[in-house]
Amino acid sequence: MPTEKETILITAALPYINNVPHLGHIVGSHLPADIFYRFCRAKGHDVTFIGGSDEHGTPSVIAAQELGIPVKQLTDRLHAIHKNVYKKLNISYTNYSRTSKSIHHEVTKDFFKVIDAKGVYLHREELKMYFCQRDSLFLPDRFVIGTCPTCGYTSAYADQCETCSTVINPGELIDARCRICGEIPTYKLSPHLFLDLEKLSKKIDAWVESKKGIWNNHVYSIAKKWIDDGLKPRSITRDLTWGVSVPVPEFKNKVFYVWFDAPIGYITFTKELGNQYYERYWKNTKSKIFHFLGKDNIPFHTIFWPGMLIAHGGYSMPYKIVGFHYLNYEGKKFSKSKGVGVFCYNILNSDINIDTLRAYLTSVIPETKDSLFQWNEYRLHTNSEVIGKIGNFFNRTLNVIWNNFNGSLGIDAEQLTNNDELDRNLISSIKTTPEEIGKLLFKTEFRAAYQKMLDYAREGNVYLDRKEPWSLVKKGDLESAKKVLYITLNLAKSLAIVLSPIMPTGMQELWNNQLNFSGSLDTPEIWEKASKMDISKGHRIHKPKPLYEKIEIEKLEEIKKELTKPYNLNDLVKE
RNA sequence: CGCGGGGUGGAGCAGUUCGGCAGCUCGCCUGGCUCAUAACCAGGAGGUCGCCGGUUCAAAUCCGGCCCCCGCAACCA
């Protein structure tokens, strides 16, 4: 039965480019989005996967300034690193772009102009801001440092003290000075544009309400709570030069707030692929847009971004906001400043197996609460689950066929007569399990789906142990042995397909070089084949060999050392 | 009393809607088996279900109070 073909756009949260990504970023959006994308493609949906670097905003400007380089150089360099890291991890973006591109500036301005022309959802307000006379620049709060009125920390920001976490109100900071030049800033009025979320509140609420049961509970609750607390107008402009300039004469020296321009990137990066993509996903009420992101991003994707879309009125609304919790590292938080964690820059030069890393990470995707990355768990997972259960099943099936039947069984499903209960159970499992796994994946329940894949492999192992085809061969009962192996060979084919979204490289190698099937596991609608017993009579496999290497403790130490090596941002962006 | 999510053997989770012997996978120990990169089978150790109190024949589950972790708190993104 062919499933209904859906039109699906998948996005992973745009990583903010003031540093290199760590594993928490990978597991919290890029990886699940990629698994989902690969699954949807295999299922035959019309699907596209986009993302890109979020380059604008104060933190990049400050980071660049501290390194003494132009901000463009910083983001050029970091964008390249991000792009390479995702490629290395087999994150198969259809388009991984960046917000500094001119097309994005145009799309953002157009988006703004449509809202502006309606004259309903935007208004201006004067804000009292720090202003540096020497730089003749309004200073965002993070550009102003001074002494915290609560704890006396001398490098506190104007909005919040990093040491004692106190929120500092405008004007309270002692000895305020410009972070760029050290000058004592004045305080003066600056006009800004605001998006009136209060006015949009009812519509946002109705939309959120319609997502009950589709979104995960915590995503729905967070959105609902924000609305119940009362939405307030939010400024969408900043006194910076790095960003998308505001196409209004009065605001010509300002840029859009990064949180205004960044989500519009989802539209830009689709449009970049061609107008037909843009029309199909963003101008089509039937398209389903899935946003994958970490929990810190939930309010922005459930409130602010939909508010923008409603105010604009001309685009499809997101279908599902898939929010994840955080991954911790060996019991601590990932921290770039403290050097805790795995920094993906190191992955570029590492020979760590990407499939097994992806598999372990899938098993700890923080779907319902924060979870833990632990090196030894990675080793154990690889050795006992990926190799012991999955790899071993492939290996023993293929080896027995190779060693005793010269790689070809010479039968097909027609010859499966006189099946006993064990045979019937496994055959029935092949017919139904891929669909069950698919349902879980479509519901973005990745851990449960992966667990089912492992159980599926286990079923094959148990069947082999019960049937002992190697003993049947010894006894001379070749017909029975062939039957058993024909069923397990079909299971192997099925497993390769369902596992491919998580372990794309190894499964593809198995598919072509060992199972000896042609073509790619990316082929649309290949998922249907996973529930078929359709291997032909004359099919001949190739010589089997192990797909993955076991990780010994010494090897683990080596990988760990390599991947946790501290890096110097300065060296990465200046070379 | 700011809000939300979470707290169940070492790890990841299910069970809480609607109370009924605390379960699954991995790890650890013992034994069996062996085609395979040691899978599978049998057995075992390991838990105050965050804490305190209440309701009940019976509480992980219902009620009240509290603690801890994480995120958010709108000019950090």
Side-chain angles (χ1 to χ4, degrees), chain A residues 13-18 54 56-60 62 127 129-130 138-144 157-160 162 167 170 192 197 216-226 228-229 231-235 237-239 257-259 262 294-300 303-304 323 325-326 328 333 360 363-374 376-377 379-381 383-389 391-401 403-404 447-448 450-451 454-455 457-458 460-466 468-474 481 485 544-550:
Chain A
L14 306 189
Y16 192 72
I17 294 289
N18 63 345
D54 174 11
H56 299 137
T58 317
S60 340
I62 290 175
L127 289 180
M129 306 268 310
Y130 286 101
F138 280 100
L139 301 170
D141 286 339
R142 295 273 151 148
F143 267 78
V144 179
Y157 295 124
D159 58 341
Q160 186 170 28
E162 282 201 322
V167 174
H192 281 277
L197 291 173
N216 292 346
N217 198 29
H218 68 279
V219 176
Y220 172 81
S221 306
I222 289 172
K224 208 59 191 163
K225 192 62 219 166
W226 273 60
D228 291 348
D229 282 354
L231 302 178
K232 290 173 194 154
R234 187 175 177 122
S235 76
T237 50
R238 293 289 183 275
D239 286 299
Y257 176 36
V258 283
W259 261 105
K295 61 182 166 183
D296 53 328
N297 257 324
I298 290 171
F300 291 92
I303 304 292
F304 190 58
H325 294 257
Y326 282 171
N328 291 316
K333 283 199 234 187
Y360 170 61
S363 78
V364 295
I365 289 176
E367 287 171 1
T368 55
K369 59 182 172 191
D370 291 355
S371 65
L372 219 47
F373 177 92
Q374 294 180 103
N376 200 44
E377 290 292 317
R379 184 179 74 86
L380 293 169
H381 184 89
N383 293 351
S384 94
E385 307 276 358
V386 177
I387 295 176
K389 279 211 177 109
N392 192 37
F393 169 72
F394 287 130
N395 236 17
R396 52 204 307 224
T397 295
L398 298 179
N399 268 309
V400 182
I401 298 175
N403 294 330
N404 300 294
R447 273 185 331 223
Y450 181 50
Q451 198 52 55
L454 290 167
D455 289 345
R458 162 192 285 268
N461 279 319
V462 171
Y463 178 77
L464 282 174
D465 282 302
R466 297 272 157 81
E468 302 189 30
W470 48 89
S471 305
L472 293 170
V473 169
K474 266 186 209 157
L485 292 167
K545 68 165 194 216
L547 286 172
Y548 304 112
E549 261 177 54
K550 282 210 160 192

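Just so it is clear, the model here is predicted, and its values are computed rather than measured. Proteins get letters first, then strands, A, B, ... in listed order; numbering begins at 1 in each.
- At a threshold of 4.0 angstrom between heavy atoms, the contacts of A:G388 are confined to the sugar-phosphate backbone, with no base atom among them.
- To the nearest angstrom, P of B:C70 lies 12 Å from OH of A:Y326.
- Projected onto RNA chain B by closest heavy-atom contact, A:R447 and A:E468 fall at different nucleotides, the more 5' of which corresponds to A:R447.
- In this structure, the nucleotide among B:G71, B:U25, B:C35 sitting nearest to the side chain of A:K389 is B:U25.
- A:N395 places no side-chain N or O within donor-acceptor distance of the main-chain N or O of A:G391, the cut-off being under 3.5 Å.
- With a cut-off of 3.5 Å on both pairing distances, the Watson-Crick or G-U wobble partner of B:C62 is B:G54.
- Using C1' as the reference atom, B:G23 and B:G47 are 12 Å apart when rounded to the nearest Å.
- Computed from coordinates, the A:F393 CZ to B:U37 P distance equals 15 Å when rounded to whole Å.
- The interatomic distance linking A:I222 (CD1) with B:G6 (C1') rounds to 11 Å, in whole Å.
- At the heavy-atom level, A:Y548 lies under 4.0 Å from base atoms of the strands shown.
- Nearest to the side-chain atoms of A:D465 among the listed nucleotides B:G10, B:C72, B:A39 stands B:A39.
- A distance of 8.0 Å separates CD of A:E385 from OG of A:S363, quoted to the nearest 0.5 Å.
- In this structure, the NE2 atom of A:H218 is 11 Å from the C1' atom of B:G6, given to the nearest Å.
- The residue among A:N461 and A:S384 whose nearest nucleotide of RNA chain B is located toward the 5' end is A:S384.
- Looking at the side chain of A:K474, the nearest of the listed nucleotides B:C72, B:A77, B:C35 is B:C35.
- Among the protein residues, A:K225 comes within range of the sugar-phosphate backbone only, with heavy atoms under 4.0 Å from sugar or phosphate atoms but none that close to a base.
- One C1' atom belongs to B:A22, the other to B:G9, and the distance between them is 11 Å to the nearest Å.
- Side-chain proximity of A:V400 to B:U37, B:G10, B:C35: nearest is B:C35.
- Side chain of A:V258, nearest nucleotide from B:C70, B:A77, B:U37: B:A77.
- Side-chain atoms of A:P59 lie closest to B:A77 of the nucleotides B:C26, B:A77, B:A74.
- With A:H56 contributing its side chain and A:V258 its backbone, the two residues share no donor-acceptor pair below 3.5 Å.
- A close approach under 4.0 Å does occur between a side-chain nitrogen or oxygen of A:S221 and OP1 or OP2 of B:G5.
- Under the Watson-Crick or G-U wobble criterion, with both distances below 3.5 Å, B:U17 has no partner in any strand shown.
- When distances run from any side-chain atom of A:R466 to the nucleotides B:C41, B:U37, B:A74, the shortest one goes to B:C41.
- Rounded to whole Å, the separation between the C1' atoms of B:G6 and B:A60 comes to 15 Å.
- OP1 or OP2 of B:C26 lies within a sub-4.0 Å distance of a side-chain N or O belonging to A:R458.
- Using a 4.0 Å heavy-atom criterion, one finds that A:N395 contacts the bases of the nucleic acid, with or without backbone contacts as well.
- Taking 4.0 angstrom as the limit, A:K545 places none of its side-chain polar atoms (N or O) nearer than this to OP1 or OP2 of B:U37.
- Of the candidates B:G7, B:C72, B:A36, B:G7 carries the atom nearest the A:K369 side chain, counting heavy atoms from C-beta on.
- Side-chain atoms of A:Y360 do not come within 3.5 Å of backbone N or O of A:R379 as any donor-acceptor pair.
- Put simply, CH2 on A:W470 is 14 Å from P on B:A38, counting in whole angstrom units.
- Residue contacts shown for A:N392 include a base, since a base heavy atom lies under 4.0 Å away.
- What separates CD of A:E385 from C1' of B:G12 is a distance of 10 Å, to the nearest Å.
- In the set B:U37, B:C72, B:C40, the nucleotide with an atom closest to the side chain of A:L547 is B:U37.
- To the nearest 0.5 angstrom, A:N403 atom CG is 10.5 Å from A:L398 atom CG.
- At least one donor-acceptor pair under 3.5 Å links the side chain of A:R447 to the backbone N or O of A:I365.
- A:F300 and A:W259 have their aromatic ring centers within a separation under 6.0 angstrom.
- Within 4.0 Å (heavy atoms only), A:H381 reaches no atom of the nucleic acid at all.
- Using P as the reference atom, B:C69 and B:G64 are 24 Å apart when rounded to the nearest Å.
- Using N1 to N3 plus N6-O4 or O6-N4 for Watson-Crick, or N1-O2 and O6-N3 for G-U wobble, each under 3.5 Å, B:G71 pairs with B:C3.
- Between the OH atom of A:Y463 and the CG atom of A:D465 there is a distance of 12.0 Å, given to the nearest 0.5 Å.
- Between the CZ atom of A:R379 and the P atom of B:C26 there is a distance of 16 Å, rounded to whole Å.
- The structure places OG1 of A:T397 at 7.5 Å from CG of A:N461, a figure rounded to the nearest 0.5 Å.
- As judged by a 4.0 angstrom heavy-atom cut-off over every strand, A:S235 is placed among the base-contacting residues.
- Partner assigned to B:G31 is B:C41, using Watson-Crick or G-U wobble distances below 3.5 angstrom.
- Here, B:U25 and B:U61 have their P atoms 25 Å apart, quoted to the whole Å.
- Within the 4.0 Å cut-off from OP1 or OP2 of B:C35, not a single side-chain nitrogen or oxygen of A:T397 is found.
- Note: CD (A:Q374) to C1' (B:G12) measures 10 Å, nearest angstrom.
- Base pairing of B:G47 is not made with any nucleotide, judged by Watson-Crick or G-U wobble geometry with both donor-acceptor distances under 3.5 Å.
- In this structure B:G9 sits in no base pair that meets the Watson-Crick or G-U test at under 3.5 Å.
- With C1' as the reference atom, B:G5 and B:A73 are 15 Å apart, rounded to whole Å.
- Within the 4.0 angstrom heavy-atom criterion, only backbone atoms of the sugar-phosphate kind lie near A:D54; the bases stay farther away.
- A gap of 15 Å separates the P atoms of B:C33 and B:A42, to the nearest Å.
- Contact between the side-chain N/O atoms of A:S371 and the OP1/OP2 oxygens of B:A11 is not found at any separation under 4.0 Å.
- Proximity of A:K224 to the phosphate of B:C3: no side-chain N or O atom is located under 4.0 Å from OP1 or OP2.
- Across all strands shown, A:I387 has heavy atoms under 4.0 Å from base atoms, whether or not it also approaches the sugar-phosphate.
- Residue A:Y257 has its side chain nearest to B:A77 when only B:U37, B:G5, B:A77 are considered.
- Without hydrogens or angle criteria, A:D370 side chain to A:H325 main chain gives no donor-acceptor distance under 3.5 Å.
- Going from the C1' atom of B:C57 to that of B:A11 covers 38 Å, rounded to whole Å.
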